[in-house]
Protein chains: 2
Amino acid sequence: MTDRVRVLLADDEHLIRGALAALLALEDDLTVVAEAASGPEALAMAAAHRPDVAVLDLQMPGLDGLEVAAELRHRLPDCRVMIVTGHGRPGYLKRALEVGVRGFLPKTVSASDLAGIIRTVRAGGRYVDPELAAEAISAGDSPLTPRETDVLELAADGSSIAEIADRASLSQGTVRNYLSSAAGKLGAENRHAAVRIAREHGWL
Amino acid sequence: MTDRVRVLLADDEHLIRGALAALLALEDDLTVVAEAASGPEALAMAAAHRPDVAVLDLQMPGLDGLEVAAELRHRLPDCRVMIVTGHGRPGYLKRALEVGVRGFLPKTVSASDLAGIIRTVRAGGRYVDPELAAEAISAGDSPLTPRETDVLELAADGSSIAEIADRASLSQGTVRNYLSSAAGKLGAENRHAAVRIAREHGWL
DNA sequence: GGCCGCCGATGACATTTGTCACCGCCGACC
DNA sequence: GGTCGGCGGTGACAAATGTCATCGGCGGCC
């Protein structure tokens, strides 16, 4: 605790990242040792600067925050990871916790809160935004099997059954069965509504 | 020009807004006179503080940035309006210019750029991010008729034809005709892909 | 007046999609 | 060994959707 907390900031929005860096610099026990604008860059900066805490935006080009978090967990097990998200769907929270993320918060928190949470996480604590946690709990687990999720994901851009079958290397009948099953489980009228519902719950 | 530029900041993400306010406060010719976290609040703050420049986030609860911009134009014609957007689709740019917005930029700009652009806008100039402008030009105008757009919008959540017809008070056949026509114009295989394409172009 | 495009509708038709039953093959679990 | 669930598939049928031609009404434009 005598040392300053070494922080890595990763966010593709320069404006936010710069502003955040400036704000955190005002805290005299925090130091922003590196910034990154993309997932791969975040990994590279982390390897080079070995921060104590990595603050990652969920949406980034290249690798998203969760993928970076998963990588960091293996490459730098001592580095605590926090995810900051703009308008986060709750499903990500569960996945984040599974890859060892110790802080998960929306961008609606204040800067002083952020600084406090960084200290908490650095000290080995965890922090999850209460509202996001509540949503995640009420959303629950996905009722879909892995394969159903795969196929539904391929359906997400409005493709026809034929295209989905092609991309998944499945027969059209099988694709229709999976989609029908998924739509049934989600209470949707068709696969497109099912995609929307799954997205809203963060299951996609 | 002898006075400091009075700025209103509106963004629903506290973290960003606070950080931005702190950064802009470092510029000695700028003053953040008000902050807002939602569209209606932005209007109220604008009326109360009469800023020279309003910096609005595109996505906000209540009223989005464009709606606020349109209102401000009538209520405070002297107030210049800038829109800042996270991952902006180009279609908004055109609409923004139509409601008198004088600055349109992504959050990937740097803070010093932002300050400069605020000064430019305050002085009566305009600024549009080159990349967004290029996308908007390449995207062009929507080929859809107003009614086609309406119906496509109702189809956006995956509803069935029957539901759309009901909500639009049209016959199912008419709905199918509009959707078929829209899909044809957009080069889509079905209405769901058409929705996606229209969204990507900001036509929805 | 004539032309054209948008709006709303109808009817017919082909295609796509959803639904269901049923099959075999695994692998896990009891 | 038996049971169960996920995976992949087939076939058949009904329902939803896409496509096309055609109609009348309206308003703008030349």
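All heavy atoms count here, side chains included; hydrogens, waters and symmetry mates do not.
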Distance, rounded to the nearest Å, where B/L170 contributes CG and C/dC6 contributes C1': 13 Å
Rounded distance (Å) that lies between atom C1' of D/dG18 and atom OH of B/Y178: 17 Å
Interatomic distance where CG belongs to B/L179 and P belongs to C/dT15 [whole Å]: 21 Å
Looking at A/N177 and D/dT10, is any side-chain donor or acceptor paired with a base atom of the opposite kind under 3.5 Å? yes
Looking only at side chains, do B/T120 and B/R102 share a donor and an acceptor under 3.5 Å apart? no
Of all the nucleotides listed (C/dC6, C/dG18, D/dG18), which has the minimum atom distance to the side chain of B/T145? C/dC6
Please determine, for the side chain of B/R147, which listed nucleotide (D/dT17, C/dA9, C/dC7) has the closest atom? C/dC7
Do B/S181 and B/E148 pair up side chain to side chain, a donor and an acceptor below 3.5 Å, judged on atom types alone? yes
Whole-Å gap separating C1' (C/dG18) and CZ (A/R191): 10 Å
Which part of the nucleic acid, if any, lies within reach of B/T174 when heavy atoms closer than 4.0 Å are counted: base, sugar-phosphate only, or nothing? base
Would you tell me if any nitrogen or oxygen in the side chain of B/S160 comes within less than 4.0 Å of OP1 or OP2 on D/dA16? no
Between CD1 of B/I161 and C1' of C/dA9 the distance, given in whole Å, is 15 Å
Per the atom types in the model, does the base of D/dG18 pair as donor or acceptor with the side chain of B/R176 at under 3.5 Å? yes
Between B/G173 and A/N190, which has a closest nucleotide on DNA chain C that is more 5'? B/G173
Does a side chain donor of either A/R4 or A/T31 reach within less than 3.5 Å of an acceptor in the other side chain? yes
Tell me: CD of B/E189 to C1' of C/dT17, nearest whole Å? 13 Å
I want to verify a distance call: between D/dG8, C/dT17, D/dG9, whose nearest atom is closest to the A/S171 side chain? D/dG9
A/E163 CD to C/dT16 C1': how many Å, rounded? 13 Å
Euclidean distance, atom CD of residue A/Q172 to atom P of C/dT16 [Å, nearest integer]: 8 Å
Expected output: side-chain A/D57 to main-chain A/M60 donor-acceptor under 3.5 Å: no
Assess whether side-chain contact (heavy atoms from CB on, under 4.5 Å) is satisfied between A/D113 and B/H14, documenting all intermediate values. CA-CA 10 Å; A/D113 288 344; B/H14 274 238; over 6 Å; no
